[in-house]
Amino acid sequence: MASIRVFNSLTGEREEFKPKEPGKVSMYVCGPTVYDLSHIGHARSAVSFDAIQKYFRYRGYDVRYARNYTDVDDKIIKRAATEGTSSEVVAEKYIKAFDEDMAALGVGLPDLRPKATESIGKIIEVTGSLIKKGFAYEMGGDVYYSVRKKADYGKLSGKNIDELESGARVEVDERKKDPLDFALWKASKPGEPSWESPWGKGRPGWHIECSAMVLEWLGDTIDIHGGGKDLIFPHHENEIAQSEAATGKTPYARYWLHNGFVNIEKEKMSKSLGNILNIRDALKDHTAEAIRLFLLSSHYRSPIDYTAESLREAESAVERYYKTLQRAAAEYPTILEAQPCLSCVEDRLHDAFKPMDDDFNTAEVIGNLFKEITRMNKAMDEARSKGEKKGVWEELSNSLAVIREASKFLGVFNRTPEEYYKDRSSRVEMELSAQEIERLIAERNEARKRKDFARADAIRKELSEKGVELEDTPKGTTWSVRG
RNA sequence: GGCGGCGUACCCAAGUGGCAAGGGAGCAGUCUGCAAAACUGCCAUCCAGCGGUUCGAAUCCGCUCGCCGCCUCCA
């Protein structure tokens, strides 16, 4: 079996993926800080790594995948204050919302979903050992990591300490020995969530929690660490520093994978622009499947632009697939239920999925799936014009096999046409009931039989104005709701 | 100022040394009472520009122009 190549942010190159233990993959991806609804950027990260994780499994790896919830943080505390409630309540509320959004997008549950607050013991332990080893120091109840204690600080982001400091954008904190030193442990103010520690009551800093959760659940060296590109500095840089200092083992993560950003109509999503797109708002306008297809239609490291146009295109692409399925089922009953023959398409599967082995190129795989869709339609067209169905069933079955295998890791094209159209119909406020539509279709077909095409066209027009589109097929008239 | 990325047709987007995937739009045709869908054909002699390396480059190197990200919480 061909090996998988991954782009490693640490080296800036594509490398052959060699896990620490053959056949096994340990993987950690930074999850959300749960102080608000998650946005389309979280969706991209989650969907990208979901596909990656599923592909490893598809390829037979034994995967242990963790994605955390940061449930103790300044923003959560602030939010709790404005809502007049506790951090715990805020965190729980948005963890639930995040989980719902992920489920809607078909993101599988990671094997482990640790919360920062559940690893406080480990955080204190790691912090303590960093002090003991001289990498961290205590200052009035705070504990800081000393970035100058390890020579290789900056190796992930390609920065060096002196240049960072000349940037002078780092706030100066008198308690720190060096402006770049970061908090491992923060003394808590009254009313804030806090835990007893050797340095008094306090709470963990941001970076240490991920290190602690990784060390606690996955070990000293993991295979893959993922997250958004923006986390490279300082978050992941700091994670590497503190983890490698604490364990004395290098590397902390063998491969670092970072996904690109989502822009909205060519602009960066930001609070100040007020263009943060929540996942649930996106789901109001588009099907989850179209959103997922859109996210996977570009390489995970490239920036992508979320626009009304690009989503409409994704929606059309999804519809093209289900229309083809619907047609296949109409012309070749039971084709969708039949067991496909995987051994018949071994070579095609290999060719179609090969791009995944080169840094998870989902975009190219999707392109290959559309070739299969064209192939299905072509076979059915030829059979119809020749009046000879011989061989078509196998042709359809083989293409379906390829698409369905891909859907195991892409997470799209995995529904029946009925489910798809039902979902689309339910998204539109229907002025007409299904029964009413069926009645009008029957009336129109009567008119067509009488060759009363004026009446027939009037009914088509009437339905169209209400968002219902008709299609006359050899098997009768079908209708769908315009998305 | 420092670090990094990107620039492929009307739009989106693969391609990472051997004669430019795929989706959308458009045009023409087949089919259809009409329409839609589907299918067929057309749609980048060229991959921001200029040099260089090479038998051969969109793909490697250099320079120029343009866009973007990070350096501060951030997926």
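Protein chains get the first letters and strands the later ones, always in sequence-line order, with residue 1 at the start of each. These figures come from a predicted structure and were not determined experimentally.
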For B/C74, which nucleotide is its Watson-Crick or G-U wobble mate, given both distances must be under 3.5 Å? none
Test the A/K389-A/Y332 pair against the cation-pi criterion, namely NZ or CZ under 6.0 angstrom from the six-membered ring centroid and within 45° of the ring axis. yes
Under 4.0 Å: is that the gap between some side-chain N or O of A/K268 and OP1 or OP2 of B/C70? yes
Just to verify, what does A/R67 make a side chain to side chain donor-acceptor pair (under 3.5 Å) with, not counting sequence neighbours? none
Could you check whether A/S310 gets within reach of a base, just the sugar-phosphate, or nothing at all, counting any heavy atom under 4.0 Å? nothing
Contact class for A/H235 vs. all strands (heavy atom < 4.0 Å): base, sugar-phosphate, or nothing? nothing
Using purine N1 to pyrimidine N3 plus N6-O4 or O6-N4 for Watson-Crick, or N1-O2 and O6-N3 for G-U wobble, each under 3.5 Å, what pairs with B/A57? none
d(A/K159 NZ, A/L180 CG) to nearest 0.5 Å is 11.0 Å
Rounding to the closest angstrom, what is the interatomic distance between B/U54 and B/C73 at atom P? 49 Å
Between A/P32 and A/R444, whichever has its closest RNA chain B nucleotide further toward 5' is A/R444
Categorize A/G41 for me: base, sugar-phosphate, or nothing, with a 4.0 angstrom heavy-atom threshold over every strand shown. base
Taking atom P of B/C39 as reference, at what distance in whole Å does atom CD of A/E331 sit? 12 Å
Roughly how many Å is it from NZ in A/K386 to C1' in B/C31, rounded to a whole number? 17 Å
If B/U8 has a Watson-Crick or G-U wobble mate with both distances under 3.5 Å, name it; if not, just say none. B/G15
Of all the choices, B/A75, B/C34, B/G23, which nucleotide is nearest to the side chain of A/A317 once you look at every atom? B/G23
Could you list by number each residue of residues 90-115 of chain A showing a heavy-atom separation from RNA chain B of less than 4.0 Å, or answer none if no residue does? none
Tell me which nucleotide, if any, is Watson-Crick or G-U wobble paired with B/C3 when both distances must be under 3.5 Å. B/G69
Could you work out the separation of B/C46 and B/A21 based on their C1' atoms and round it to a whole Å? 16 Å
Would you measure the distance from the P atom in B/G66 across to the matching atom in B/A75 and give it in whole Å? 33 Å
Short side-chain donor-acceptor distance under 3.5 Å, A/Y255 and A/E15: no
Under 3.5 Å between N/O atoms: give me all the protein pairs with nucleotides 36-38 of chain B, atom names plus distance.
| residue | atom | partner | partner atom | Å |
| --- | --- | --- | --- | --- |
| B/A38 | OP1 | A/R320 | NH1 | 3.4 |
| B/A38 | O3' | A/N377 | ND2 | 3.4 |
| B/A38 | O2' | A/R327 | NH1 | 3.1 |
| B/A38 | O2' | A/D381 | OD1 | 3.4 |
| B/A38 | O2' | A/D381 | OD2 | 3.2 |

Under a plain distance cut-off of 3.5 Å, with no hydrogens placed, do A/R301 and A/S48 share a side-chain donor-acceptor pair? no
Taking atom P of B/G33 as reference, at what distance in whole Å does atom CZ of A/R455 sit? 20 Å
Just how far, in rounded Å, is C1' of B/U32 from CZ of A/F453? 10 Å
Spacing of the P atoms in B/A38 and B/G23 (rounded, Å): 10 Å
Rounded to the nearest Å, what distance is computed from the CD1 atom of residue A/I232 to the C1' atom of nucleotide B/C71? 12 Å
Those residues that, when tested against A/D457, pass side-chain contact (heavy atoms from CB on, under 4.5 Å) (two or more places apart): none
What integer number of Å spans the C1' atoms of B/C11 and B/U53? 35 Å
Residues in side chain to side chain donor-acceptor pair (under 3.5 Å) with A/E382, at least two apart? none
Indicate whether any N or O donor in one side chain lies under 3.5 Å from an N or O acceptor in the other, for A/D73 and A/T33. no
With sequence neighbours left out, the residues meeting side chain to side chain donor-acceptor pair (under 3.5 Å) with A/T324 are A/N377
Taking the side chain of A/A456 as heavy atoms from C-beta outward, which of B/G33, B/A75, B/G24 is closest to it? B/G33
So what's B/G62 paired with, Watson-Crick or G-U wobble, going by both distances under 3.5 Å? B/C50
Side chain of A/E313 only, please: which of B/U16, B/G23, B/A21 is the nearest? B/G23
Have a look at A/K451 and say if it touches a base, only the backbone sugar-phosphate, or nothing, with a 4.0 Å heavy-atom cut-off. nothing
Apply salt bridge (Lys or Arg N to Asp or Glu O under 4.0 Å) to A/R113 and list each qualifying residue two or more places apart in sequence or on a separate chain. A/D99
Between B/U16 (C1') and A/D357 (CG): distance, integer Å: 16 Å
Any residue meeting salt bridge (Lys or Arg N to Asp or Glu O under 4.0 Å) with A/K354, in chain and number order, not counting sequence neighbours: none
For the pair made of CG in A/L296 and C1' in B/A14, what is the distance, rounded to whole Å? 14 Å
Presence of donor-acceptor pair under 3.5 Å, side chain of A/N368 and base of B/G22: no
Nearest-Å distance for atom pair NZ/C1', residues A/K266 and B/C67: 11 Å
Between A/N361 and B/G15, is there a contact of a side-chain N or O with OP1 or OP2 at under 4.0 Å? yes
Between B/G24, B/A75, B/G33, which one does the side chain of A/M269 approach most closely? B/A75
With both distances under 3.5 Å as the test, what is the Watson-Crick or G-U wobble partner of B/A38? B/U30
Which part of the nucleic acid, if any, lies within reach of A/R14 when heavy atoms closer than 4.0 Å are counted: base, sugar-phosphate only, or nothing? base
First of A/S45 and A/A454 reached from the 5' end of RNA chain B, by closest nucleotide: A/A454
Residues at least two apart in sequence or cross-chain that pass side-chain contact (heavy atoms from CB on, under 4.5 Å) with A/A352, listed by chain then number, are A/N368, A/V402
Have a look at A/V262 and say if it touches a base, only the backbone sugar-phosphate, or nothing, with a 4.0 Å heavy-atom cut-off. base
Tell me, please, which residues at least two apart from A/D74 pass salt bridge (Lys or Arg N to Asp or Glu O under 4.0 Å). A/K186, A/R203
Examine the side chains of A/E239 and A/Y28 and answer whether a donor and an acceptor come within less than 3.5 Å of each other. no
How far does the C1' atom of B/G52 sit from the matching atom of B/C42, given to the nearest Å? 37 Å
Which pairs count as salt bridge (charged side-chain N to carboxylate O under 4.0 Å, His left out) when at least one residue sits in residues 222-233 of chain A, sequence neighbours excluded? A/D223-A/R254
What integer number of Å spans the C1' atoms of B/C74 and B/A35? 50 Å
Pairing partner of B/A25, by Watson-Crick or G-U wobble and under 3.5 Å for both distances, is none
Contact list (N/O, under 3.5 angstrom) for nucleotides 2-9 of chain B vs protein:
| residue | atom | partner | partner atom | Å |
| --- | --- | --- | --- | --- |
| B/G2 | O2' | A/E163 | OE1 | 2.6 |
| B/G2 | N2 | A/K159 | NZ | 3.1 |

Of all the nucleotides listed (B/A13, B/G33, B/G15), which has the minimum atom distance to the side chain of A/A363? B/A13
